[in-house]
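The sequence lines fix the lettering, A, B, ..., with proteins before strands; numbering per chain opens at 1. Please read all numbers here as calculations on a predicted model, not as lab measurements.
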Protein chains: 2
Amino acid sequence: MGSKERINRLKEQTRVNILDAAHDIVKDEGWQALSMRKIADKIEYTAPIIYEYYANKEAILLELTKKGFMLLACRMQEARNKHTDLGEQLEAMWLAYWNFAFEEKEYYQLMFGVEMNCCIMDEILPPGSNPFDIAAGPIAQLMGISDPDDDRVCTKYYTYWSIIHGLISINIVRKGTSDEINRQILKDAISGITRSLSN
Amino acid sequence: MGSKERINRLKEQTRVNILDAAHDIVKDEGWQALSMRKIADKIEYTAPIIYEYYANKEAILLELTKKGFMLLACRMQEARNKHTDLGEQLEAMWLAYWNFAFEEKEYYQLMFGVEMNCCIMDEILPPGSNPFDIAAGPIAQLMGISDPDDDRVCTKYYTYWSIIHGLISINIVRKGTSDEINRQILKDAISGITRSLSN
DNA sequence: TTACTAATTTTACAGTGTTAAATTATTTAC
DNA sequence: GTAAATAATTTAACACTGTAAAATTAGTAA
């Protein structure tokens with residue numbers, strides 16, 4: 001009666017095979033190309049058996065999200081444990097986070113939904129209509145730089161943009177966080193960066 | 001022969017009607033629910049005529065993205081023109097950006113792809129596995145606060161997270177920006193926030 | 001009224017996620 | 001070993017999706 005266990009092991013195996021197949025497809029063709037039938041093809045079954053293992057497509061995505069968060073947690077803890085100084089711990093952790101986002105890009109996209117259609121916008125939009133063109137002027141002036149396309153201006157612009165876009169992302173998703181706190185973070189961050197421009 | 005013009009005007013009208021219908025559907029049911037047939041229903045036509053006005057669904061999305069960027073540009077310029085002081089200009093502009101993201105949430109989601117599946121994660125993930133749990137400890141210690149769930153710790157955590165997530169988002173999308181510059185921004189930002197913890 | 005052109009719809013195709021029924025394979029009981 | 005019962009897997013089907021070609025209707029010009 002050990003066959004029962006062997007079969008259970010096999011079932012557990014196809015459970016992870018499904019996840020792996022999904023991950024592979026996404027790595028090759030992107031999230032949009034992921035379909036139940038493609039997963040089935042990859043694990044050499046037909047589509048309906050997937051529903052024996054996962055309730056639906058969303059459940060698969062959720063499982064992958066979970067896996068992604070666990071992986072990220074590992075990397076961050078690993079990085080933290082390499083240092084004793086608190087400041088160094090923080091820097092190492094955030095660097096690990098950063099690296100995870102690019103090394104496991106597919107996971108990060110799933111976890112935080114980074115797709116964006118703003119890539120080609122620069123060419124399509126009328127000149128002066130994208131946020132950069134509008135903000136770069138004042139930033140350059142404050143820095144005492146004449147050319148708004150100077151790298152130092154770009155850097156500062158992206159610093160602004162990052163924190164604001166990041167905050168917005170959190171807020172659109174995690175509606176829990178109090179609006180008052182966020183406005184405070186935003187104002188602090190903006191004035192902080194703005195102050196740093198004059199140095 | 002003025003009927004030619006009237007007809008052209010009508011055609012132009014249904015062109016915007018299509019865009020408006022799409023926007024309405026998204027506002028009611030989200031981006032995922034947007035379909036050609038639903039748009040057609042709303043403008044009281046059948047689906048194929050939409051292709052007389054837009055090449056495909058993506059073209060509609062692109063047009064809406066464009067519209068979103070123009071709207072954002074207006075709001076930012078409006079805000080800037082209300083001030084003469086450069087610092088105030090910047091703050092007003094970014095605040096306008098912030099407000100746009102929430103007032104025109106659908107546009108912002110389309111422009112910057114903020115969907116995210118990390119909402120429910122807190123409950124599903126094993127305790128201590130999400131980035132907050134990992135980072136909050138050192139942050140609290142550095143701030144001399146014993147409770148990692150203290151609001152002040154949260155605020156600082158989100159400041160970190162915002163800028164890092166924002167930077168990653170840009171980098172995943174705009175592969176143009178040099179990696180060296182970004183690492184510099186990241187390190188600067190992290191050490192800047194870290195320094196501010198001790199105050 | 002007839003011929004032609006433009007506008008619109010019907011039909012169709014290939015794809016999606018998902019469910020129910022039919023089929024095949026495997027295990028159990030005799 | 002054969003028959004019955006159960007599990008594993010597939011086929012068929014449904015309601016969608018975006019999109020293209022063909023058929024139809026409406027409107028204009030001769």
Legend entry - Protein-to-nucleotide contact annotation, 5' to 3' order, nucleotides 9-20 of chain D [B base; S sugar-phosphate only; - none; under 4.0 Å, heavy atom]: SBB-B---BBBB

Inset, instruction - Decide if the gap between the ring center of B:F69 and the ring center of B:F100 is smaller than 6.0 angstrom. - result: no

Legend entry - B:L64 side chain reached by B:V26 side chain, heavy atoms, under 4.5 Å: no

Legend entry - With sequence neighbours excluded, residues passing ring-ring contact (aromatic ring centres under 6.0 Å, His included) with A:Y107: A:H23

Inset, instruction - Would you please name every residue forming a salt bridge (charged side-chain N to carboxylate O under 4.0 Å, His left out) with A:E106, sequence neighbours left out? - result: none

Legend entry - Presence of salt bridge, A:R75 and A:E104, under 4.0 angstrom: yes

Legend entry - Length of the line joining B:I50:CD1 and C:dT9:P, which is rounded to integer Å: 11 Å

Inset, instruction - Report yes if the distance between the aromatic ring centroids of B:Y108 and B:Y97 is under 6.0 Å, otherwise no. - result: yes

Inset, instruction - Write out all pairs satisfying salt bridge (Lys or Arg N to Asp or Glu O under 4.0 Å) with one or both partners inside residues 38-58 of chain A, taking only residues at least two apart or from two chains. - result: A:E29-A:K38

Inset, instruction - Estimate the overall bend of the helix from C:dT1-D:dA30 to C:dC30-D:dG1 from the end axes over five pairs each, rounded to 10 degrees. - result: 30°

Legend entry - Between D:dA26 (P) and B:L10 (CG): distance, integer Å: 18 Å

Legend entry - Sequence neighbours excluded, every pair satisfying salt bridge (Lys or Arg N to Asp or Glu O under 4.0 Å) that has a member inside residues 139-148 of chain B: none

